[in-house]
There are 2 protein chains.
Amino acid sequence: METFGDIIKTERESKGLLLRQVASALEIDQAIISKFERGERKPTKEQVEKFAEFYDLDKNKLITSWLSDQIANTILYEENIGEVLKVAEEKALYLKTIHNGK
Amino acid sequence: METFGDIIKTERESKGLLLRQVASALEIDQAIISKFERGERKPTKEQVEKFAEFYDLDKNKLITSWLSDQIANTILYEENIGEVLKVAEEKALYLKTIHNGK
DNA sequence: ATTTGTTTTGACAAAAATAGTCAAATTAAT
DNA sequence: ATTAATTTGACTATTTTTGTCAAAACAAAT
């Protein structure tokens, strides 16, 4: 159950980097990166991509982690989590076919 | 594949109500309701609940519809929709047990 | 085809949520 | 204890979302 924050923190530590170093490389304030690592703030998609490139991670995998964090948070306190997600998937796939069809 | 907008529009029409009437009953500007019905804007949770009460609909069902609309929109243009949602569900359920355990 | 009634659109303002900056406080390591 | 790293929090800036309103578009009917 790895969150986006877990991933980038593990990655940074395994490479022996300091927040300051990552911050200067990515041009993101180190306080913010600290918050990302602990899940206190959510990065933008552009930031997620920067992290993927910098740590040489699979971009889709990292985006999946980031997006699923967000979705998990929005439904956390709801009743029918499974149902909501099932319907959401149907809608997303449906909308996708519509778009492609146009 | 009924969106929140579809539901409240169908409901309004089946009851033969005008936007103006619903607007005054719920104290929501009629232009906004028009936009909700066509999916141009997303209501807040409080507004969703107002609609459920006013049209006498199952609150959870309506919230499911509303939430799934939102989630569908956020993942629409992503690659691995199924994967994202699967991971999101795992995370949500996991976070839920954590919270309950505390 | 003009009047009357309804819905939709769009420009704008207000409010809320999110993001960034920075220094001080805290924590960890030596 | 000193030095170094991380975390916190107050503050500002920016972006996103929401609400308001009137005019435009549309529909129905006479």
Side-chain angles (χ1 to χ4, degrees), chain A residues 2-55 62-63 65-78 88, chain B residues 3-52 54-55 62-63 65-78 88:
Chain A
E2 258 193 324
T3 64
F4 172 83
D6 293 336
I7 295 174
I8 62 171
K9 181 166 193 181
T10 300
E11 206 58 34
R12 180 174 63 83
E13 289 174 341
S14 84
K15 294 189 168 144
L17 296 168
L18 300 178
L19 282 175
R20 156 162 43 91
Q21 299 175 296
V22 179
S24 99
L26 303 189
E27 294 182 299
I28 300 173
D29 191 281
Q30 77 166 39
I32 293 180
I33 297 179
S34 170
K35 284 166 188 172
F36 289 162
E37 289 188 349
R38 286 166 301 105
E40 195 183 315
R41 282 212 190 168
K42 299 170 195 171
T44 65
K45 192 170 185 181
E46 287 67 38
Q47 290 170 328
V48 173
E49 287 168 348
K50 278 190 178 182
F51 279 104
E53 283 163 23
F54 183 66
Y55 288 135
L62 199 60
I63 287 178
S65 164
W66 162 73
L67 261 182
S68 62
D69 281 356
Q70 296 192 129
I71 294 173
N73 268 313
T74 72
I75 58 177
L76 221 197
Y77 300 108
E78 298 304 324
Chain B
T3 63
F4 173 83
D6 293 335
I7 294 173
I8 62 170
K9 181 166 195 181
T10 300
E11 206 59 33
R12 179 173 64 84
E13 289 173 342
S14 85
K15 294 190 167 141
L17 296 169
L18 301 177
L19 282 176
R20 157 163 44 90
Q21 299 175 295
V22 179
S24 100
L26 304 189
E27 293 182 299
I28 300 173
D29 190 283
Q30 79 167 37
I32 293 180
I33 297 179
S34 169
K35 285 166 188 172
F36 288 162
E37 289 188 349
R38 287 166 300 106
E40 196 183 315
R41 282 210 188 172
K42 300 170 196 171
T44 64
K45 192 171 184 180
E46 287 67 38
Q47 289 169 330
V48 173
E49 286 167 348
K50 277 188 178 182
F51 279 104
F54 183 65
Y55 288 134
L62 200 60
I63 287 179
S65 163
W66 162 73
L67 261 183
S68 62
D69 282 356
Q70 297 194 127
I71 293 173
N73 269 315
T74 72
I75 58 177
L76 221 197
Y77 300 108
E78 298 303 324

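From a predicted model like this one, the values you see are computed outputs, not experimental measurements.
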Open item on the list: To the closest 0.5 Å, what do you measure between CD1 (I28(A)) and CD (Q47(A))?
Closed with: 4.5 Å

Open item on the list: Does anything in residues 21-42 of chain B form a ring pair (Phe, Tyr, Trp, His ring centres under 6.0 Å)? List the pairs, not counting sequence neighbours.
Closed with: none

Task: Atom-to-atom span, CG of L19(A) to C1' of dT21(C) - whole angstrom - done: 16 Å

Task: Presence of salt bridge, K50(A) and E46(A), under 4.0 angstrom - done: no

Open item on the list: Are more than 12 heavy atoms, taken from residues, nucleotides or ligands other than E13(B), located less than 6.0 Å from that residue's CD atom?
Closed with: yes

Task: For A31(B), side-chain contact (heavy atoms from CB on, under 4.5 Å) partners two or more places apart - done: D29(B)

Task: Criterion side-chain contact (heavy atoms from CB on, under 4.5 Å) on F51(B) and I7(B), from CA distance to verdict - done: CA-CA 10 Å; F51(B) 279 104; I7(B) 294 173; over 6 Å; no

Task: Any residue meeting salt bridge (charged side-chain N to carboxylate O under 4.0 Å, His left out) with K45(A), in chain and number order, not counting sequence neighbours - done: E78(B)

Task: Euclidean distance, atom CG of residue L18(A) to atom P of dA29(C) [Å, nearest integer] - done: 13 Å

Task: Side-chain donor or acceptor of D69(A) paired with backbone N/O of T3(A) under 3.5 Å - done: no

- [ ] Could you check V48(A), I33(A), I8(A) and say which one makes a side-chain contact (heavy atoms from CB on, under 4.5 Å) with P43(A)?
- [x] V48(A)

Open item on the list: Among residues 22-31 of chain B, which ones have heavy-atom contacts with DNA chain C below 4.0 Å?
Closed with: Q30(B), A31(B)

TODO: Would you grab the first and last nucleotide of DNA chain D (5' to 3') that comes under 4.0 Å of any non-hydrogen atom in chain B?
DONE: dT18(D) to dC21(D)

For nucleotides 11-19 of chain C, give me every protein contact, N/O to N/O, under 3.5 Å, one pair per line with atom names.
| residue | atom | partner | partner atom | Å |
| --- | --- | --- | --- | --- |
| dA19(C) | OP2 | K42(A) | O | 3.4 |

Task: Pair S24(A)-R20(A), side-chain donor/acceptor within less than 3.5 Å - done: no

